[in-house]
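Order of the sequence lines fixes the chain letters, A, B, ..., with proteins taken first and strands second; residue numbering starts at 1 for each chain.
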Amino acid sequence: MTKKLMKGNEAIGEAAIAAGAINYFAYPITPQSEVAEYMTWRLPEVGGVFVQAESEVAVGNMLLGAACTGKRVFTTSSSPGISLMMEAMSYMAGDHLPVVIVNITRGGPGLGGILPAQSDYFQAAKAGGHGDYHAIVLAPSSVQEAVDLMILAFDLADNYRTPVIVIGDGMIGQMMESVEFPAKYREPVNPETKDWPLTGAKGRKARVIKSLFLDPKLLEKNSFDLAAKYKVIKEKEVRCELYKVSDKNRLLIAAYGTMARICQTAIDELEDEGISVGLFRPITLFPFPEKEIFRETAKANIRAVLTVEMSMGQMIEDIDRCIKGKKPLDFYGRTGGIVPTPNEVKDKVRQMLAAK
Amino acid sequence: MSQPVPFRYPVFSRRIIIVVGGFGSGKTEVSVNLTKYLAGIDPIPPAIVDLDLVNPYFRSREAEAEMEAMGIKVIVPRGGNFFADLPILLPEVKGAVESGAGRVILDVGGDSQGARALGSLSDVFPPDGYDMLMVLNSRRPFTGDLAGCCKVMSRIEATAKMRFTGLIANSHMIEETDPEVLWEGYHLAREVGREMNLPLAFLSAKREVLEQMDTTGLNCPILPLTRSMLKPWEKKTGPTGL
């Protein structure tokens with residue numbers, strides 16, 4: 001298949017179609033509006049449906065209803081829009097419903113700005129809504145990876161009957177990169193092959209999907225069921241990537257999304273100066289690569305760990321929890337839409353090594 | 001003095017050059033490079049208007065400092081609005097088009113939506129006093145073939161209430177651009193030109209790619225490009241030097 005040059009937002013839309021997901025509900029917001037624009041002409045071509053809702057609250061509830069049918073459903077939005085969907089998100093988790101939610105993150109809090117940010121880590125990785133739940137969170141660092149993880153997201157959502165968040169900073173949505181799609185697109189999932197969707201109870205016992213359990217024993221059971229599911233997800237679905245990790249590394253940088261690519265440039269340039277630094281890139285923010293980051297930071301050659309984020313420091317709390325105080329941990333971040341440069345990362349690394 | 005560049009550079013007789021293209025066409029990179037090239041040969045420094053009301057990132061305003069250092073007048077919203085995704089059309093735009101002495105290059109963002117800004121200015125442009133050039137990238141989903149290009153261009157013309165006067169062949173895959181991509185774009189632009197009766201104003205591509213290939217047979221002016229719309233991991237400082 002010929003490689004195409006696509007904007008991240010367009011590629012995310014096309015990837016959903018490649019995954020057989022043709023039911024899309026959304027409300028435009030910068031920096032992800034191109035997904036909706038793309039879908040307005042692309043979905044009719046494949047017999048799909050795009051409902052532009054009156055607000056993101058409505059989008060959340062449309063997803064909740066549509067997901068009950070067992071068909072693949074999804075939305076795309078950006079930070080403030082995602083916040084508005086959090087009630088429905090909690091319901092969908094409680095209802096064990098598969099859904100894919102894309103957050104092309106912008107600067108916050110509040111209405112914030114339209115430039116790239118990673119300040120929605122807590123909301124995504126720690127469950128932004130109420131109740132004992134989690135969503136699987138996938139964080140691509142390139143347009144191609146956004147495509148691959150979108151397709152994976154629908155599979156994970158179906159396999160585990162859970163909401164899956166694909167989170168990319170604004171750069172993922174806005175930048176252009178060459179991209180390839182699978183030669184063969186998936187057929188839309190047939191709900192009749194599943195034993196839970198609401199497809200009309202004619203000739204069979206009616207099914208009920210709900211998250212309301214007034215009997216505390218039943219509500220606790222639902223939370224036990226969710227927890228059991230998350231335990232399996234934590235065992236089987238952890239994904240991460242290492243870059244230039246070796247026993248020569250003096251320091252390990254942890255970064256995700258496009259921030260990791262900026263750190264890669266810094267690492268390449270530091271290497272030219274004779275400073276060896278490795279990169280640990282979580283791809284799943286939930287489940288977090290707990291054992292993997294512990295294993296890498298515990299190595300004798302690693303003197304310290306640096307977390308770099310487009311935020312005031314959010315993922316660093318997971319890193320801190322996982323490395324269990326084995327190594328000194330430091331942070332560098334910019335926020336509000338300002339992206340740390342390779343030079344800023346290099347300066348921070350030099351400063352940390354000089355302080356030893 | 002470096003060795004002479006073998007390319008035949010484009011020549012423009014009209015004062016107003018409107019560069020139009022969908023996102024991913026490379027329109028902004030072309031506009032910025034064209035303006036810098038004209039700054040080197042025109043007696044009066046040119047002005048560039050960032051009319052990109054559609055794209056929130058990677059706009060010509062990001063190359064502002066570099067262009068201003070070359071004497072180019074950069075017309076963009078100021079202050080917080082520099083970063084806004086609002087449809088801001090500055091009064092200076094009309095002024096530069098109507099009464100400026102130097103060349104004016106307009107970087108018109110997005111697609112037919114982006115061209116709406118142009119439509120609101122259409123009565124300002126002197127008839128036959130402007131070039132309106134469509135930037136084509138054959139590796140983009142909407143402009144990969146003749147039918148796609150014609151459809152997109154007709155839509156833009158309808159919204160802008162203006163007619164194209166020429167084409168720019170700018171097929172690219174950013175860092176993965178190779179001669180094959182350039183030739184593909186050249187042939188497509190020729191095909192579109194025949195269909196829509198438009199000349200190929202020039203072919204533009206990364207200087208490194210052009211210098212490494214045999215350009216015999218590329219029967220059109222050529223504008224070599226130096227990338228200025230860089231991703232954060234490709235440059236040393238942040239957007240606008242923040």
Side-chain angles (χ1 to χ4, degrees), chain A residues 2-11 13-14 28-34 37-38 41-42 78 104 106-107 113-116 141-143 169-171 173-179 181 258-269 310 334 336-346, chain B residues 22-29 52-59 62 80-86 110-114 137-145 148 151-152 155 170-178 180-181 184-185 227 229-242:
Chain A
T2 317
K3 276 191 168 184
K4 282 277 178 194
L5 185 68
M6 288 183 93
K7 200 170 198 166
N9 283 334
E10 299 172 306
E14 188 62 31
I29 180 170
T30 308
Q32 69 73 51
S33 297
E34 293 88 354
E37 190 187 355
Y38 186 80
W41 70 269
R42 188 68 179 102
S78 181
I104 300 298
R106 53 190 259 178
I114 63 166
L115 294 175
S141 71
S142 68
V143 175
D169 56 83
M171 202 64 70
Q174 288 298 324
M175 70 181 171
M176 293 273 172
E177 286 191 312
S178 68
V179 65
F181 291 89
T258 66
M259 194 61 244
R261 293 174 74 174
I262 295 164
C263 292
Q264 283 183 1
T265 301
I267 287 168
D268 292 346
E269 291 175 7
M310 292 179 219
R334 299 292 301 268
I338 297 178
V339 179
T341 63
N343 276 356
E344 287 173 61
V345 177
K346 282 158 64 184
Chain B
F23 48 70
S25 63
K27 146 201 62 64
T28 297
E29 205 67 86
D52 199 333
L53 312 184
V54 171
N55 289 300
Y57 303 177
F58 303 112
R59 298 180 284 194
E62 292 183 24
N81 288 337
F82 182 93
F83 302 101
D85 54 343
L86 300 169
D111 39 25
S112 58
Q113 300 302 316
N137 179 1
S138 57
R139 289 300 172 104
R140 285 285 299 152
F142 312 105
T143 53
D145 58 19
K151 192 171 158 190
V152 168
R155 243 191 262 160
N170 188 54
S171 274
H172 73 97
M173 295 276 281
I174 311 184
E175 285 303 301
E176 293 171 53
T177 310
D178 60 17
E180 192 195 327
V181 175
E184 175 193 290
R227 283 185 65 203
M229 297 296 119
L230 296 173
K231 299 187 179 97
W233 46 93
E234 295 174 322
K235 56 188 174 183
K236 307 278 186 226
T237 56
T240 69
L242 284 168

**Q** Do you know which two heavy atoms are closest between B/Gly24 and A/Leu5, and how far apart they sit?
**A**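 Closest approach of B/Gly24 to A/Leu5, heavy atoms only: O-CD2, 3.6 Å.
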
**Q** Chain A: which of B/His172, B/Met173, B/Glu176 shares the most heavy-atom pairs with it under 4.5 Å?
**A**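 When all of B/His172, B/Met173, B/Glu176 are compared, B/Met173 has the most.
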
**Q** Can you tell me how far the NZ atom of B/Lys231 sits from the CD atom of A/Glu177, to the nearest 0.5 Å?
**A**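 With rounding to 0.5 Å, NZ (B/Lys231) is 4.5 Å from CD (A/Glu177).
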
**Q** So what's closer than 4.5 Å to chain B heavy atoms on A/Met171: side chain, backbone, both or neither?
**A** both

**Q** Please classify the contact of A/Glu10 with chain B as side chain, backbone, both or neither, using a heavy-atom distance under 4.5 Å.
**A**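 Side chain only.
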
**Q** Do you know which of A/Gly113, A/Pro116, A/Pro340 has the most heavy-atom pairs with chain B at a distance under 4.5 angstrom?
**A**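 When all of A/Gly113, A/Pro116, A/Pro340 are compared, A/Pro116 has the most.
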
**Q** List in chain and number order the residues that pass side chain to side chain contact (heavy atoms under 4.5 Å, CB included) with B/Ser25, two or more places apart in sequence or in another chain; answer none if no residue qualifies.
**A** B/Lys27, B/Val135

**Q** Nearest heavy-atom pair of B/Pro232 and A/Pro342: which atoms, and what distance?
**A**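 Of all heavy-atom pairs spanning B/Pro232 and A/Pro342, the closest is O-CD, 3.4 Å.
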
**Q** About how many Å separate CE of A/Met6 and CZ of B/Arg140, when rounded to the nearest 0.5 Å?
**A**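 B/Arg140 CZ to A/Met6 CE: 6.5 Å, rounded to 0.5 Å.
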
**Q** Tell me if the CD atom of B/Glu175 is crowded by more than 12 foreign heavy atoms within 6.0 Å.
**A** yes

**Q** Under 4.5 Å from any heavy atom of chain B, what part of A/Thr258 do you find: side chain, backbone, both or neither?
**A**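 Interface part for A/Thr258: both.
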
